[in-house]
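Working notes for the structure below.
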2 protein chains.
Amino acid sequence: MARAGLTPERLTRAGAELADETGFDQVTVSAVARRFDVKVASLYSHVRSSQDLRTRITLLALEELADRCADALAGRSGRDALTAFAHVYRDYAREHPGRYEAARARLTPEEAAASAGVRHARMTRAILRGYDLVEPEQTHAVRMLGSVFHGYVSLEAGGGFSHSAPDSDESWARVLDALDALLRHWPTAP
Amino acid sequence: MARAGLTPERLTRAGAELADETGFDQVTVSAVARRFDVKVASLYSHVRSSQDLRTRITLLALEELADRCADALAGRSGRDALTAFAHVYRDYAREHPGRYEAARARLTPEEAAASAGVRHARMTRAILRGYDLVEPEQTHAVRMLGSVFHGYVSLEAGGGFSHSAPDSDESWARVLDALDALLRHWPTAP
DNA sequence: CGATTTGCCTAAAGTCTTTAGGTAACCCCA
DNA sequence: TGGGGTTACCTAAAGACTTTAGGCAAATCG
């Protein structure tokens, strides 16, 4: 019988595709095996467990997203950087809902430290270089940016903003306007 | 043999407790049956399916959260209302992580329309009555508020802000300061 | 007090996870 | 070119969860 050419990378990629098609929680060792027309047990030479497979998908998604963000940020600053970054985020989530879901999955502290999550954190902070914020306000702002991006994208993915006026695209644009204005006039502690 | 006194409500409540203890994804018909010291099949007279059980937990969490928000909002307006609402959100998520996770689970459009989600939407909009925003900006602001609340709480729950200075409490307070300032000086479209 | 309804049970089939151990394909080097 | 070793996929099996079908006993009510 011809070999299928399984590797951890190919399994991860197939799992990511499956996630985008049917949801991250539907990603199962069995389903991936089916996709390769291979017996389930065969995957266990390449992936330690079902959880391991999911973690790999999470790490892949974080990498992909960080790569796109890095591209978008290159040569931009201030408001330009903010909106470019934001659009990458939202577009990725719409294009790859399962991967985006995977990217939000919990990692152990060690996994997180070794993941592209740290690039995300650095890039978010880089955006703020175009604004006039010093610590600790910069960190507060980083956290707020992350919250808005993740929160908006995730509520939108859950269908929160669909079928109601105004259009979600319009809200997203106005939310980014608001964020930009807020960062330019960040309030001092009252 | 004595009867266990199962009802959909008791099963839902037990499932919610289980979610808080071990995570929403660990909530299974089997686990709940174990908790009642009852055979698995017995639960199927009270809930239609595993998915049905989860949906009930989601609806319960949305109700509880909406009740707390309503209490917090009573007699408050403007900045007071904003921070009270926000604190309820964050406290609930920290106190009941599994329920909060459940509250963010996807519902069908029909389920969502019949859920306490609509109360949440109304209350978020009510907060904005203390600020000077007219449509469609009000809706944009509603969506931004929801995004910040959900995003922050969910990133915090994922461990995003732990083990790093400044304290998450402090960031939360400053994020709310920033939101209040933003709503008082909501930028016009550029 | 007997009939009916209700509530929990046993049984069984299907899916997914994971481990153990077997066999065939591939690779390399004599 | 043809063993010999390694690798890749397989069969088999056990354990957990989901779901349905049908049975028996407890509760309820006339």
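In what follows, chains carry the letters A, B, and so on, assigned in the order in which the sequence lines appear, proteins first and then strands, with residues in each chain numbered from 1.
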Minimum-distance nucleotide (side-chain atoms of [X] versus [options]):
{"X": "A/Val38", "options": "D/dT11, D/dC9, C/dT19", "answer": "D/dC9"}
{"X": "B/Ser49", "options": "D/dA25, D/dT19, D/dA8", "answer": "D/dT19"}
{"X": "B/Arg3", "options": "C/dT17, D/dA25, C/dC26", "answer": "D/dA25"}
{"X": "A/Leu6", "options": "C/dC8, D/dC9, C/dT17", "answer": "D/dC9"}
{"X": "A/Ala41", "options": "D/dA12, D/dT19, D/dC17", "answer": "D/dA12"}

Within this structure, what is the [atom1]-to-[atom2] distance between [X] and [N], rounded to whole angstrom?
{"X": "A/Leu43", "N": "C/dA20", "atom1": "CG", "atom2": "C1'", "result": "17 Å"}
{"X": "A/Arg10", "N": "D/dC9", "atom1": "CZ", "atom2": "P", "result": "9 Å"}
{"X": "A/Leu11", "N": "D/dC9", "atom1": "CG", "atom2": "P", "result": "9 Å"}
{"X": "A/Asp37", "N": "D/dA8", "atom1": "CG", "atom2": "C1'", "result": "15 Å"}
{"X": "A/Arg54", "N": "C/dC16", "atom1": "CZ", "atom2": "P", "result": "12 Å"}
{"X": "B/Asp25", "N": "D/dT18", "atom1": "CG", "atom2": "P", "result": "12 Å"}
{"X": "B/Tyr44", "N": "D/dC17", "atom1": "OH", "atom2": "C1'", "result": "8 Å"}

Exercise for review: Assign the ring pair B/His87 / B/Trp172 to parallel, tilted or perpendicular, where the plane angle (0 to 90°) is split at 30° and 60°.
Suggested key: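 Aromatic pair B/His87/B/Trp172 classed perpendicular.
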If only side-chain N and O atoms of [X] are considered, is one of them under 4.0 Å from the OP1 or OP2 phosphate oxygen of [N]?
{"X": "B/Ser42", "N": "C/dC9", "result": "yes"}
{"X": "B/His46", "N": "C/dT6", "result": "no"}
{"X": "B/Thr28", "N": "D/dC17", "result": "no"}
{"X": "A/Ser30", "N": "C/dT15", "result": "no"}

Review point. Does a salt bridge link B/Arg174 with B/Asp177, judged by any charged N lying under 4.0 Å from a carboxylate O?
Key: yes
Exercise for review: Decide, yes or no, whether a salt bridge links A/Arg143 with B/Glu156 under the criterion of side-chain N to carboxylate O below 4.0 Å.
Suggested key: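 A salt bridge is absent here (no side-chain N lies under 4.0 Å from a carboxylate O).
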Exercise for review: Scan B/Ala31 against the nucleic acid and name what it touches under 4.0 Å (heavy atoms): base, sugar-phosphate only, or nothing.
Suggested key: nothing
Point to revise | Common cluster, A/Met144/B/Leu155, ILVMFWY with side-chain heavy-atom separation under 4.5 Å | key: yes
Exercise for review: For atom CG of B/Asp132, decide whether the heavy atoms of other residues, nucleotides or ligands shown that lie under 6.0 angstrom number more than 12.
Suggested key: no
**Study point:** Contact nearer the 5' end of DNA chain C, comparing A/Arg48 with A/Arg34
**Key:** A/Arg34
